[in-house]
Amino acid sequence: MRQRAVSIEDIARMAEVSPSTVSRALRDSPLISADVRARIQQLAREVGYTPNSIARSLQARRSNTIGLVVTSIADPFWADVLHGVELAARPAGLSVLLSAAHRDPEQEMLAIELLHQRRVDGILVADSHIGGEYAGRLARVQAPAVLINSQADGQHDLLHSVAVDDYGGARQAVAYLLDLGHQRIGYLGSGSRPRSNRRRREGFRDALAAAGLPADDALVAVTPAGPTESEEDVAGGQALLPRVLAAGATAVFCYNDLFAVGALLACRERGLAVPADLSVVGFDDLHLARYVTPPLTTIRQPKVDLGQQAMQLLLALLNNESVQDLVVTPSLVTRAST
């Protein structure tokens, strides 16, 4: 039979004081003398007293938890972002509840509502796909929320955001390929991430225009829109590459590293050497980017930093501080695929 947990009332009887005195002593309240505090705290340790965190949170009207909604727990990108969130949450005494929405806006909204029902103090949403049509439901969620790399064009006024500079990162990638002498540069894009795909494609286009090169739609291939899992990105890159090769591409800039891995696989199937026959650039700098053959040139997103900054923004909101949305600058990492 499980033994009953020791309560504040039990300690009060043992110490011959009132339960309120024990409660204050365990909170280290200056209203109780140092000697009494020390005696009660020592007694609590000896009998194995464990505070009731649920009752304490109800009194403080805080749960000391935050919710994080990601696309998929299998996506290596969001694993690093989660690590950054936890690095900032733990010192603040906050735990993280995780939910996955699989790029489905209705699942995402339901996850946000469920986290709100569980009385989380705040919510982080990664890769958000909920637009203006969810404004009414979002308005009923009282917990502060921060978006990380949102894909929604019509961001709700109640939400704040931290995002990478997709446009600037794409321009860096294409400018580098231009410096290497490439003029027929292809783009492999993702229809399931409308906002970031559009911004990366715009950066791709504008970098070519700045070099005096005309736009050629035959050098652009994008997967269909709709919910996808991260492993489908590899298949997407593999399927799209033949289209831009047929248009004479000598280099390709990929929406992300997984698309680039798919492009590398497609090159191997066709007996093409990378980078001798085709240069390949990704976006994200996942851990696998340095281990594929050849190691991948890519645009590095500071993924852990994204998570930390989003959590710091949420902490500021929880403290009723004024905040500004953040845009994080990515950087080029050159390896052997170019």
Side-chain angles (χ1 to χ4, degrees), residues 77 149 151 153 163-223 225 233 236-268 270 272-286 289-290 292 294-302 327-338:
F77 181 93
N149 280 359
Q151 297 299 331
D153 285 319
V164 75
D165 182 2
D166 291 300
Y167 175 86
R171 289 203 65 158
Q172 284 186 68
V174 178
Y176 171 68
L177 290 171
L178 290 167
D179 287 343
L180 293 178
H182 295 284
Q183 294 194 337
R184 299 290 293 173
I185 302 172
Y187 174 67
L188 307 185
S190 170
S192 65
R193 290 86 152 189
R195 186 176 182 278
S196 57
N197 182 74
R198 186 184 71 251
R199 294 296 290 157
R200 292 177 196 184
R201 185 171 174 177
E202 288 171 350
F204 164 83
R205 178 200 63 203
D206 290 353
L208 293 175
L213 296 176
D216 185 346
D217 290 342
L219 287 168
V220 175
V222 180
T223 58
D233 289 350
Q238 198 169 4
L240 295 180
L241 184 68
R243 301 187 200 176
V244 299
L245 289 177
T250 63
V252 62
F253 166 53
C254 302
Y255 172 82
N256 65 18
D257 290 348
L258 296 179
F259 270 83
V261 169
L264 293 177
L265 291 174
C267 286
R268 186 177 303 170
R270 286 159 179 75
L272 298 176
V274 177
D277 298 321
L278 183 77
S279 286
V280 179
V281 179
F283 200 113
D284 287 346
D285 195 27
L286 301 178
R290 70 197 71 178
V292 294
L296 186 64
T297 294
T298 186
I299 297 296
R300 174 179 291 162
Q301 291 204 58
V327 177
V328 179
T329 302
S331 58
L332 175 70
V333 179
T334 58
R335 297 192 180 100
S337 67
T338 48

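Since we're looking at a predicted model, the values are computed, not measured.
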| Rounded distance [0.5 Å steps], CZ in Phe283 versus CG in Leu296 | 12.5 Å

| With a 4.5 Å limit on heavy-atom distance, are the side chains of Leu241 and Leu278 in contact? | yes

| query | Where the side chain of Asn256 meets the backbone of Leu258, is there a donor-acceptor pair that is under 3.5 Å apart? | reply | yes

| query | Checking Thr334 side chain against Thr297 main chain: does a donor-acceptor pair fall under 3.5 Å? | reply | no

| query | Does some side-chain heavy atom of Arg171 sit less than 4.5 Å from a side-chain heavy atom of Asp206? | reply | yes

| Criterion side-chain hydrogen bond (donor to acceptor under 3.5 Å, both in side chains) on Ser196 and Asp166, from CA distance to verdict | CA-CA 6 Å; Ser196 57; Asp166 291 300; 4.8 Å; no

| said: Could you report the tightest heavy-atom contact between Gly191 and Val222, atom names first, then the distance? | reply: N-CG1, 3.4 Å

| said: Tell me whether Asp285 is salt-bridged to Arg335, with the criterion being a basic N under 4.0 Å from an acidic carboxylate O. | reply: yes

| said: If we ignore hydrogens and angles and just use 3.5 Å, is the side chain of Gln151 paired with the main-chain N or O of Arg195 as donor and acceptor? | reply: yes

| message | Just by distance, no angles: are the side chains of Ser279 and Thr338 close enough, under 3.5 Å, to form a donor-acceptor pair? | response | no

| query | Any chance CZ of Arg290 has more than 12 other-residue heavy atoms, nucleotides or ligands included, within less than 6.0 Å? | reply | yes

| query | For the residue pair Phe253 and Tyr187, does the interplanar ring angle fall in the parallel (under 30°), tilted (30 to 60°) or perpendicular (over 60°) class? | reply | tilted

| message | Any non-hydrogen side-chain atom of Leu264 less than 4.5 Å from a side-chain atom of Pro294? | response | yes

| request: Using a strict 4.0 Å threshold on nitrogen-to-oxygen distance, state whether Arg300 and Asp284 make a salt bridge. | output: no

| query | Would you call Arg199-Glu202 a salt bridge at under 4.0 Å N-O? | reply | yes

| Do you see a donor-acceptor pair shorter than 3.5 Å between the side chains of Asp165 and Thr329? | no

| message | We want to know whether Gln301 and Asn149 form a side-chain donor-acceptor pair, criterion being a heavy-atom distance below 3.5 angstrom. | response | yes

| Got Thr223 and Tyr255 here, is their nearest side-chain heavy-atom distance under 4.5 Å? | no

| Between Asn197 and Ser190, is there a donor-acceptor pair closer than 3.5 Å when you use the side chain of the first and the backbone of the second? | yes

| task | Output yes when Asp233 and Arg193 qualify as a salt bridge under the 4.0 Å nitrogen-oxygen rule, no when they do not. | result | yes

| field | Heavy-atom side-chain contact between Val280 and Cys254 under 4.5 Å | value | yes

| Flag, side chain of Gln172 to backbone of Pro330, donor-acceptor distance under 3.5 Å | yes

